[in-house]
Peer 1: 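I'd like to ask you about the structure that follows.
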Number of protein chains: 2
Amino acid sequence: MRSADHPDVSDISLTRVLSALADPLRLGVACLLADGEERQWGDLDVPVSKSTLSHHMKTLRQAGLTRTREEGTRCYVRLRTVELESRFPGLLASILQAAPAEAAPVGLR
Amino acid sequence: MRSADHPDVSDISLTRVLSALADPLRLGVACLLADGEERQWGDLDVPVSKSTLSHHMKTLRQAGLTRTREEGTRCYVRLRTVELESRFPGLLASILQAAPAEAAPVGLR
DNA sequence: GCCGATGTTCGATGGTTGACGAACATCGAA
DNA sequence: TTCGATGTTCGTCAACCATCGAACATCGGC
């Protein structure tokens, strides 16, 4: 169940957040979501197979970085910016600022 | 050669920093060094064998988080706080602020 | 010059992770 | 109702990582 594994804000773990963002592909997805917009998975142009993308999105979701919403067969995702900021002030901002230089190329289709 | 693998400030990689700090033990070491003091390996009270500690210190060093200085057979280590701050503004501070809650218990002997 | 203390390196081991394709489930549209 | 689009799950594989003990190198003190 996808909606079931969103951790509560107070349960978001620093080490999980760090390892989630330590992967170039997930960092790239986070970068792309940094504008606050909600995106559909299929709109993400990523250099991996869809099963691998699904796996990475699950990792981001379980780390508490993103929130996934299902609508029919489609999945929409957005960054939990505000919640992250309240849990780890300044963290996401400082990471995303430096991220584009070494994140995987993730674009919009 | 230990002193050889300190990356230059401009070569410090975000993903390497993140994965280095994603490990509870290394996060604990970073926490302990957060006061800016230089410490000797042997003074660190860590729950792992010395070979494992050596491995983790190498990881921190190669990620650019710490600077190691050798003096005889002893090794001293300190956080590269200022350099990190110039490379990734705000990053280290926000991590270290949240770290104590889930870092491995690293004390002074 | 010998011995103990301090780290490093090596090899082995077990666990985790990222990747893929294939098979599956579900929903919407024709 | 059948088919295509969208994600998930499963099994597998290779790579990586944390850990340990043992062997080694080096330096300082006795």
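Proteins get letters first, then strands, A, B, ... in listed order; numbering begins at 1 in each. Since the structure is predicted, the reported quantities are computational estimates derived from the model, not experimental observations.
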Peer 1: Please give, in whole Å, the distance from dT26(D) C1' to E70(B) CD?
Peer 2: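 So the CD-C1' distance, E70(B) to dT26(D), works out to 10 Å.
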
Peer 1: S86(B) versus V9(B): any side-chain heavy-atom pair under 4.5 Å?
Peer 2: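 Yes, at least one pair of side-chain atoms sits under 4.5 Å.
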
Peer 1: Starting at CG of D5(B) and ending at P of dT9(C), how long is that distance when rounded to a whole Å?
Peer 2: 9 Å

Peer 1: Rounded to whole angstrom units, what separation is found between the CZ atom of R69(B) and the C1' atom of dC27(D)?
Peer 2: 15 Å

Peer 1: Enter the distance from Y76(B):OH to T66(B):OG1 here, rounded to the nearest 0.5 Å.
Peer 2: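 If I round to the nearest 0.5 Å, the distance is 16.0 Å.
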
Peer 1: So, T52(B) versus S49(B): side-chain donor-acceptor pair below 3.5 Å or not?
Peer 2: yes

Peer 1: So R69(B) and E71(B), do their side chains get closer than 4.5 Å, heavy atoms only?
Peer 2: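 A side-chain contact under 4.5 Å exists here.
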
Peer 1: Can you list, pair by pair, the side-chain donor-acceptor contacts under 3.5 Å of residues 27-35 of chain A, counting residues two or more places apart and other chains?
Peer 2:
unit_1, atom_1, unit_2, atom_2, d
D35(A), OD1, E37(A), N, 2.9
D35(A), OD2, R39(A), NH2, 2.9

Peer 1: Starting at atom CG of L21(A), determine the distance to atom C1' of dT17(C), rounded to an integer number of angstrom.
Peer 2: 16 Å

Peer 1: D23(A) has an atom CG; how far is it from atom C1' of dC17(D), in whole Å?
Peer 2: 15 Å

Peer 1: State, to 0.1 Å, how close V17(B) and F88(B) come at their nearest heavy-atom pair, and which atoms those are.
Peer 2: CG2-CE1, 4.2 Å

Peer 1: Tell me which residues in residues 44-60 of chain A put a heavy atom below 4.0 Å from DNA chain D, sorted by number, or none.
Peer 2: K50(A), S51(A), S54(A)

Peer 1: Roughly, in whole Å, what's the span from CZ in R74(B) to C1' in dG29(D)?
Peer 2: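 So the two atoms are 11 Å apart, to the nearest Å.
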
Peer 1: For L27(A) and dG18(C), give me the distance from atom CG to atom P, rounded to whole Å.
Peer 2: 13 Å

Peer 1: Establish, with yes or no, whether the OP1 or OP2 oxygen of dT8(C) is under 4.0 angstrom from a side-chain nitrogen or oxygen of W41(B).
Peer 2: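 For dT8(C), OP1/OP2 do have a side-chain N/O of W41(B) under 4.0 Å.
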
Peer 1: For the backbone of K50(B) and the side chain of S54(B), can you confirm whether one donor and one acceptor N or O come within less than 3.5 Å of each other?
Peer 2: no

Peer 1: Can you measure R109(B) atom CZ to dG7(C) atom C1' for me and round it to whole angstrom units?
Peer 2: 14 Å

Peer 1: Does the side chain of H6(B) come within less than 4.5 Å of R80(B)'s, by heavy atoms?
Peer 2: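 Yes, close enough: below the 4.5 Å cut-off.
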
Peer 1: Nearest 0.5 Å, what's the CG-CG distance between L84(A) and L65(A)?
Peer 2: 5.0 Å

Peer 1: Over the length of the helix from dG1(C)-dC30(D) to dA30(C)-dT1(D), how much do the five-pair end axes diverge, rounded to 10 degrees?
Peer 2: 10°

